[in-house]
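Positions are given from 1 along the sequence. Nothing here was measured: the structure is a model prediction, and the numbers come from that model.
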Amino acid sequence: MEVNIQLNPAEKQLELFGSGDNYLRLLRQSLDVQITARQNKLKITGTEEHVGKAVDILNKMRKQLHKGHVLTAEEVASFIRRQDFDPPANDSDAISVFSHKKLIKPSTKGQQKYIQTMLSNDLTFCIGPAGTGKTYLAVAIAVSMLRKKQIRRIVLARPAVEAGEKLGFLPGDLQAKVNPYLRPLFDALEDMMDFTQMKKFIGLDIIEIIPLAFMRGRTLNEAVIICDEAQNTSALQMLMVLTRLGHGSKMIITGDITQIDLERGQKSGMVEAIETLRRIKGIGYVELNRSDIVRHKLVQKIVQAYKKRQSAD
């Protein structure tokens, strides 16, 4: 089958094709189609199914650029992986953040459910493997609510246990210890606002990025509180976090319960909380899986390979 797409002369082909035609190459390799570009015309050949998918993805890419958004390799890869998932036509699940050129949208049905659950509940638990967007989408919701003045502050926290290494073992003063450990939260924020704005918000305590222990004794009103890597909380830590929830606030608890780094025999506070609170109305639960992974395509294969090995052991 062969399909020809006539491009508008005003369309920026470099942004559509990618540097060195990188995006077209990605489509060719992933969908097993041939794509040739001559002047303002794209010719796509292959099986009917594959050509149809390629045309659909290219139209989504063109629509993205037409809206003034920046197209990235990650987004193109996401379009390819989730070709069978069509977000609502009115973009009702798109999340607006401080970056004017960026709208954050769900890439899978699981992510769509996650966004809807966070918006509908004051407390949401989300579990899933690396790369499913657990933390990123939670931060996006928080930033969006701050931008709309629905809250006054954002608190991002992690328990001080990471891959068997406790925070106290890291060199330097507290700031030097905290920064590398909490870097993933900084990275998510930096994608949603410029560094100067983020620094200003942190300086004014509008955004706090802290170890979990720093939340003790506080009541957080009109805030979004995100507890990341919560599979590594103890039962007492999790109870402490949950009871910080104040008036007009929203709390999101994220973690991967297959990657618990607590001492042997110690039960995860996140697992216990989900078991204890599951029947309470107003608490949302979302479980993302391998099909929701939106990082590099190899991440999904890596997670699957490790899961098979664990099952065999």
Between Ile151 and Ala142, what is the shortest heavy-atom contact and its length?
-> CD1-O, 3.7 Å
Exercise: identify the closest heavy-atom pair between Ala138 and Ile252 = CB-CG2, 3.8 Å
Roughly how far, to the nearest 0.5 Å, is CG of Leu16 from CD1 of Ile5?
-> 8.5 Å
When rounded to the nearest 0.5 Å, the distance separating OG1 of Thr47 from CG of Asp32 is 7.0 Å
Asp187: what forms a salt bridge (Lys or Arg N to Asp or Glu O under 4.0 Å) with it, not counting sequence neighbours?
-> Arg183
Is there a chain of hydrophobic side chains (I, L, V, M, F, W, Y, each step under 4.5 Å between heavy atoms) that links Leu236 to Ile274?
-> no
Could you list all the ring-ring contact (aromatic ring centres under 6.0 Å, His included) pairs where at least one residue sits in residues 261-281, not counting sequence neighbours?
-> none
Modelled atom types, side-chain donor and acceptor of Asp292 and Tyr114, under 3.5 Å = no
Hey, are the side chains of Leu189 and Leu156 touching, using non-hydrogen atoms and a 4.5 Å cut-off?
-> yes
Residues which pass side-chain contact (heavy atoms from CB on, under 4.5 Å) with Thr135, listed by chain and number, not counting sequence neighbours = Val139, Leu185, Asp228, Thr254
For residues 237-258, the salt bridge (Lys or Arg N to Asp or Glu O under 4.0 Å) pairs (sequence neighbours left out) are none
Mind checking what makes salt bridge (Lys or Arg N to Asp or Glu O under 4.0 Å) contact with Arg28, not counting sequence neighbours?
-> none
Identify all side-chain donor-acceptor contacts of residues 199-207 below 3.5 Å with residues at least two apart in sequence or on another chain.
none

Flag the pair Met240 / Leu242 as yes when at least one side-chain heavy-atom distance between them is below 4.5 Å, and no otherwise.
-> no
Do side-chain atoms of Gln266 reach the backbone of Leu262 as a donor and acceptor pair under 3.5 angstrom?
-> no
Take Leu212 and Arg158 through the side-chain contact (heavy atoms from CB on, under 4.5 Å) test and state the conclusion after the steps.
-> CA-CA 5 Å; Leu212 199 65; Arg158 279 186 160 195; over 6 Å; no
Are Leu277 and Met251 connected in the hydrophobic side-chain network, where two residues link if heavy atoms are under 4.5 Å apart?
-> yes
State, to 0.1 Å, how close Met270 and Ala230 come at their nearest heavy-atom pair, and which atoms those are.
-> CB-O, 3.3 Å
By salt bridge (Lys or Arg N to Asp or Glu O under 4.0 Å) - contacts of Arg25 (at least two apart) | none
Please check if the side chain of Thr132 supplies one atom and the backbone of Gly128 the other of a donor-acceptor pair under 3.5 Å.
-> no
Side chain to side chain contact (heavy atoms under 4.5 Å, CB included), paired with Ile253, selected from Ile283, Thr233, Val241, Ile226 | Val241
For residues 214-227, the side-chain hydrogen bond (donor to acceptor under 3.5 Å, both in side chains) pairs (sequence neighbours left out) are Arg152-Glu222, Glu208-Arg218
Flag the pair Ile35 / Leu42 as yes when at least one side-chain heavy-atom distance between them is below 4.5 Å, and no otherwise.
-> yes
About how many Å separate CG of Leu26 and CD1 of Ile57, when rounded to the nearest 0.5 Å?
-> 9.0 Å
Measuring from Gln111:CD to Ile115:CD1, what's the distance to the nearest 0.5 Å?
-> 7.0 Å
Partner residues of Glu2 under the side-chain contact (heavy atoms from CB on, under 4.5 Å) criterion, sequence neighbours left out | Asn4, Lys43, Thr45
Just wondering, do Leu58 and Leu24 contact through their side chains at under 4.5 Å, heavy atoms?
-> yes
4.5 Å side-chain heavy-atom contact, Ser249 and Ile225 | yes
Given Ile154 and Met145, is the side-chain contact (heavy atoms from CB on, under 4.5 Å) satisfied, shown in steps?
-> CA-CA 9 Å; Ile154 299 171; Met145 290 184 70; over 6 Å; no
What's the shortest heavy-atom distance between Pro129 and Lys134, and which atoms?
-> O-NZ, 3.1 Å
Leu245 with Leu239, same ILVMFWY side-chain cluster at under 4.5 Å = no
Taken in chain and number order and not counting sequence neighbours, the residues that satisfy side-chain contact (heavy atoms from CB on, under 4.5 Å) with Glu287 are Ile127
Could you tell me the separation between the CE atom of Met118 and the CD atom of Gln116, rounded to the nearest 0.5 Å?
-> 10.0 Å
Could you tell me whether the side chain of Ser268 and the main chain of Gln231 form a donor-acceptor pair under 3.5 Å?
-> yes
Interatomic distance, Gln150 atom CD to Ile141 atom CD1 [nearest 0.5 angstrom] | 9.5 Å
Which pairs, with at least one residue in residues 265-275 and sequence neighbours excluded, count as a salt bridge (Lys or Arg N to Asp or Glu O under 4.0 Å)?
-> Lys267-Glu275
Between Thr124 and Asn121, which heavy-atom pair has the shortest distance, and what is it?
-> OG1-CB, 3.9 Å
Quick one: ring-ring contact (aromatic ring centres under 6.0 Å, His included) partners of Phe125, sequence neighbours excluded?
-> Tyr285
Sub-3.5 Å donor-acceptor pair from the side chain of Thr117 to the main-chain atoms of Lys113, do we have one?
-> yes
Write down the atom of Gly46, the atom of Val51, and the distance for their closest heavy-atom approach.
-> N-CG2, 3.3 Å
